[in-house]
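Accompanying notes for the structure given below.
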Amino acid sequence: MGATFPISAGLRRAFIGASEVAVSQPRFLLAFFGGFPNAMKSVETEYIESDLFKTKVRVAKFVNPDAVAKGTEKLTFVEQQIKLPTIKDKRSLTSKEMRSKGFGETIYDSSSNQTRVAAAMDTELVDMDSTIMNRLELMAIESIFDGRMTIIGEGENRIIDYSRKIGLSIDLGAGNYYGSNGGTPNEDFDDFIALLGENGYTATHVVGRLATMKVLANHTAIKSEIDNRRIENGNLRFQSMMKEKGAIYYGMYKNCELWGYDGNYVDNAGVSQKAVPAKKIAFIAAETDNTIIPGYAGDMHIDSGALSTESMQVSITADKKVQKIHVGGDISAPTLELYMGQTVAPIMPDADCAVVVQILA
């Protein structure tokens, strides 16, 4: 039968020290959900009301200077209730793993047990935090390219559909694809930018898989017109893009930044996958009301009064991520269990902020 062991003050200090290192890093398409990571709109519930803005281009009425303006009906959005999903991860560290010397240490190094435990927890906490951020990035990619978000997991099987206009998803069709220098991307770009403008948005970025953007950037109709000499810091909205894994900047074309990005990840079966759809590109507006909303995770939340309990140590970060440790297992071989969870999702009230085009056959 398992047992629960009190957590020493040294272990608590090790956990707090390790938690401070596990800092969230932004991902590529998450940057299009404004306010991340410092000014997210947090709520104390898992249910939110989302107003889906459908038309941004409206014109005010003429009114005589001596007249009183009449109100405009709110016909531009649809309200829907969304239940935020909870993302969780759990890791276990055995006593043997915690006693092991760290990478680069030799038999002559003298490290305290507390230092080794902190190092072991630090590695796991950073990795768990990364898995949560990677999941959020996949949600952002799907939202931008598909206009919806699929949530499948333990006790979860649902789709959050943002009701993007059908006309914003385009298949160029046979004879118009850009492969082998076919099609007219230089003319199509004008149409796609104009289409986004008709819905009240300014196209600032074009994103697609590396293989897709390579074909686009080297198309004879636009290759000579791309300005790929440098990036002006005043124009670069998301500098984190330059640091993102596998992202390539191809240059500016018609005032849009061209980016290649695969959205690489490893699925539960250990197989490498690409989250960005093949053969498609997305014209994206950076200025939107899209945001990341962390909410209340009822089963993960622990009141501050529990911080002093002997069997558990809890750290609730500013962005509502919950971390806790628990020591259990057999008395002869105790195991340290690390938990991390967050109720959060990138929410897209501006569902029509992207035009997605299939440009290759």
Side-chain angles (χ1 to χ4, degrees), residues 2 4 7 11-12 14-27 30 33 35-48 82-93 117-118 120-143 149-158 160 265-268 275 291-309 311-329 335-347:
T4 298
I7 294 179
L11 186 54
R12 285 197 180 121
F15 175 68
I16 293 172
S19 298
E20 292 175 350
V21 181
V23 180
S24 298
Q25 297 296 325
R27 297 296 192 267
L30 274 178
F33 291 79
F36 182 75
N38 297 319
M40 294 188 292
K41 179 182 177 181
S42 61
V43 294
E44 296 301 322
T45 176
E46 60 183 355
Y47 289 95
I48 64 168
I82 295 174
K83 182 180 180 182
L84 298 174
T86 298
I87 308 168
K88 296 180 183 177
D89 200 5
K90 174 185 175 183
R91 305 290 172 88
S92 298
L93 285 171
V117 170
M121 285 195 295
D122 168 50
T123 300
E124 297 298 336
L125 288 173
V126 170
D127 191 53
M128 283 196 295
D129 183 85
S130 179
T131 61
I132 291 178
M133 296 306 303
N134 290 341
R135 170 56 65 184
L136 283 174
E137 174 68 4
L138 298 188
M139 295 163 74
I141 292 172
E142 183 184 15
S143 296
M149 194 163 57
T150 305
I151 302 171
I152 298 178
E154 296 182 20
E156 287 279 22
N157 189 353
R158 56 194 170 101
I160 296 176
Y265 71 99
V266 177
D267 63 20
N268 292 333
T291 187
I292 300 172
I293 301 182
Y296 175 81
D299 60 330
M300 293 295 294
H301 180 76
I302 296 175
D303 293 331
S304 58
L307 291 172
S308 60
T309 61
S311 62
M312 190 173 293
Q313 176 69 37
V314 180
S315 172
I316 303 178
T317 61
D319 59 355
K320 304 294 182 183
K321 196 176 276 93
V322 177
Q323 304 166 357
K324 65 181 180 180
I325 60 175
H326 179 268
V327 179
T335 299
L336 188 65
E337 295 177 339
L338 305 174
Y339 301 84
M340 186 178 292
Q342 187 176 23
T343 294
V344 63
I347 300 299

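Just so you know, these numbers use all the heavy atoms, side chains as well, and skip hydrogens, waters and symmetry mates. Values in this document were obtained by computation on a predicted structure and should not be read as measured data.
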*For L30 and E137, work out which heavy atoms get closest and say how close.*
N-OE1, 3.1 Å
*How many angstroms lie between CG in L93 and CD in E337, if you round to the nearest 0.5 Å?*
10.0 Å
*Given side-chain contact (heavy atoms from CB on, under 4.5 Å), test F33 with I292 step by step and report yes or no.*
CA-CA 6 Å; F33 291 79; I292 300 172; 3.8 Å; yes
*Excluding sequence neighbours, so at least two apart, what forms side-chain hydrogen bond (donor to acceptor under 3.5 Å, both in side chains) with R135?*
none
*Qualifying residues under side-chain hydrogen bond (donor to acceptor under 3.5 Å, both in side chains), relative to S92, sequence neighbours excluded*: none
*salt bridge (charged side-chain N to carboxylate O under 4.0 Å, His left out) partners for E124, two or more places apart*: R91
*CD1 on I151 to CD1 on I160, rounded to 0.5 Å*: 3.5 Å
_When you measure from the side chain of N134 to the backbone of S130, do you find a donor-acceptor pair of N or O atoms at a distance under 3.5 Å?_
yes
*Under the side-chain contact (heavy atoms from CB on, under 4.5 Å) test, which residues partner D267, sequence neighbours left out?*
Y265, A269, V271, Q273
*side-chain contact (heavy atoms from CB on, under 4.5 Å) between L84 and I293, intermediate numbers included*: CA-CA 8 Å; L84 298 174; I293 301 182; 4.1 Å; yes
*Any chance you could measure T86, atom OG1, to E154, atom CD, to the nearest 0.5 Å?*
11.5 Å
_I need the minimum non-hydrogen distance between A140 and P346, along with the two atoms involved._
N-CG, 3.9 Å
*Start with the C-alpha distance between L338 and K90, add both sets of side-chain angles, then the distance that settles side-chain contact (heavy atoms from CB on, under 4.5 Å), and finish with yes or no.*
CA-CA 6 Å; L338 305 174; K90 174 185 175 183; over 6 Å; no
_Donor-acceptor pair between T150 and E142 side chains, under 3.5 angstrom_ = yes
*asked:* Show the nearest heavy-atom pair for residues M139 and I87, with the distance to one decimal.
replied: SD-CD1, 4.3 Å
*Please test Q342 against K88 for side-chain contact (heavy atoms from CB on, under 4.5 Å), starting from the C-alpha separation and ending with a verdict.*
CA-CA 7 Å; Q342 187 176 23; K88 296 180 183 177; over 6 Å; no
